[in-house]
Amino acid sequence: MQQTAQQYDAVIQKCRALFSQKMQDYSSAWRILRLPSLTDQIFIKAQRIRGLQENQVQKVDEGEIPEFIGIINYSVMALIQLKKGVAQQPDLSLEQALEVYDEQITITKQLMLNKNHDYGEAWREMRVSSLTDLILQKLLRVKQIENNQGKTLVSEGIDANYQDMVNYAVFALILLNFNQQKK
């Protein structure tokens, strides 16, 4: 489990660095996005990954790794929007954005550690394609919850689904990196 925590941190460090660079390029323009828009952005990324996994021909020279990074960062943005609400204008400095990014990652990593303990690191035996499918399933659940104005009868809320998407994408990136190192 210690290795998982270190690998998780290494993945998040790369995701956070890209988030920081995009913040410097675009400021916090993403703060105007409503949750369904963020959900759709994540959906586009997950669908592209699935397409890459199924198609013989790839016409855009970007693989799965940047798309999984996008899923992580858009999911964190969604968690921030859930916490802070949607803004009408960019309203976060780079430092403020990184602070709330780190807060959401801390919560999400702790959830991963708890589940990872209980499930005995079963994800290490999973296929990346299965993690992709789980992300897509979570997205369909989130869309349904959004259509229900955020109400659920017995199911976990939107935040738990975004957290799971972050964790599944981190697992996929760990597996992809591991698979690349074995070659």
Side-chain angles (χ1 to χ4, degrees), residues 2-49 52 60-116 123 128 131-132 134-136 138-139 142 158-181:
Q2 182 65 28
Q3 179 187 16
T4 297
Q6 290 170 345
Q7 290 173 317
Y8 190 100
D9 292 343
V11 166
I12 293 300
Q13 183 179 3
K14 289 180 182 176
C15 296
R16 186 183 187 274
L18 182 61
F19 178 83
S20 176
Q21 291 168 338
K22 296 246 183 188
M23 277 289 299
Q24 291 173 55
D25 286 347
Y26 303 127
S27 181
S28 61
W30 57 270
R31 288 280 293 127
I32 69 153
L33 294 172
R34 293 170 285 184
L35 284 178
S37 297
L38 287 164
T39 302
D40 286 343
Q41 285 296 315
I42 300 165
F43 184 76
I44 290 167
K45 302 266 179 218
Q47 278 293 103
R48 178 148 195 282
I49 293 166
L52 290 171
V60 178
D61 189 27
E62 287 184 358
E64 297 173 47
I65 290 173
E67 303 297 354
F68 279 118
I69 291 170
I71 288 171
I72 291 166
N73 283 343
Y74 278 119
S75 295
V76 173
M77 289 178 209
L79 289 164
I80 293 168
Q81 295 295 68
L82 277 169
K83 178 183 178 182
K84 297 185 75 58
V86 175
Q88 297 302 312
Q89 293 288 322
D91 65 343
L92 295 177
S93 68
L94 174 61
E95 295 75 25
Q96 291 168 322
L98 290 174
E99 183 179 317
V100 290
Y101 185 102
D102 292 343
E103 286 173 10
Q104 291 306 316
I105 288 298
T106 298
I107 294 165
T108 302
K109 181 182 177 188
Q110 189 57 55
L111 174 67
M112 180 279 296
L113 291 170
N114 293 344
K115 286 186 174 183
N116 200 38
W123 64 270
V128 173
L131 293 164
T132 302
L134 288 170
I135 291 169
L136 283 164
K138 292 287 181 178
L139 284 161
V142 167
I158 289 177
D159 58 339
N161 285 284
Y162 285 126
Q163 290 168 333
D164 284 345
M165 286 186 262
V166 168
N167 289 333
Y168 293 153
V170 170
F171 292 159
L173 287 168
I174 291 169
L175 291 173
L176 286 168
N177 187 43
F178 177 76
N179 289 338
Q180 288 176 351
Q181 290 177 354

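The chain is numbered in sequence order, starting from 1.
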With heavy-atom distances below 4.5 Å as the criterion, would you say the side chains of [X] and [Y] are in contact?
{"X": "Tyr168", "Y": "Ile71", "result": "no"}
{"X": "Lys22", "Y": "Asn73", "result": "no"}
{"X": "Phe171", "Y": "Met112", "result": "yes"}
{"X": "Val76", "Y": "Phe19", "result": "no"}
{"X": "Ile72", "Y": "Val11", "result": "yes"}
{"X": "Ile42", "Y": "Val142", "result": "no"}
{"X": "Ile44", "Y": "Arg48", "result": "no"}

Inset, instruction - Enter the distance from Gln41:CD to Met77:CE here, rounded to the nearest 0.5 Å. - result: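 Taking CD in Gln41 and CE in Met77, the distance rounds to 9.0 Å.
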
Inset, instruction - Quick one: pull up CG in Leu35 and CG in Leu79 and give me the separation to the nearest 0.5 Å. - result: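 If I round to the nearest 0.5 Å, the distance is 9.0 Å.
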
For a quick test of reading the model, state the closest non-hydrogen atom pair linking [X] to [Y] and the distance between them.
{"X": "Val86", "Y": "Leu33", "result": "CG2-O, 3.7 Å"}
{"X": "Ala29", "Y": "Pro90", "result": "CA-CG, 3.8 Å"}
{"X": "Ala87", "Y": "Asp91", "result": "CB-OD2, 3.6 Å"}

Legend entry - Asn167: partners by side-chain hydrogen bond (donor to acceptor under 3.5 Å, both in side chains), with sequence neighbours left out: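 With neighbours one apart ignored, the set is Tyr8.
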
Quick one: does [X]'s side chain have a donor or acceptor within less than 3.5 Å of a partner on [Y]'s backbone?
{"X": "Gln81", "Y": "Arg31", "answer": "yes"}
{"X": "Thr108", "Y": "Gln163", "answer": "no"}
{"X": "Ser20", "Y": "Arg16", "answer": "no"}

Inset, instruction - Only one of Leu92, Ile80, Leu94 passes side chain to side chain contact (heavy atoms under 4.5 Å, CB included) with Ser28; say which it is. - result: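 Only match with Ser28 under side chain to side chain contact (heavy atoms under 4.5 Å, CB included): Leu92.
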
Inset, instruction - Using a strict cut-off of less than 4.0 Å between a Lys/Arg side-chain nitrogen and an Asp/Glu carboxylate oxygen, indicate whether Asp159 and Lys83 qualify as a salt bridge. - result: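 Judged by the 4.0 Å cut-off on N to carboxylate O distance, Asp159 and Lys83 do not form a salt bridge.
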
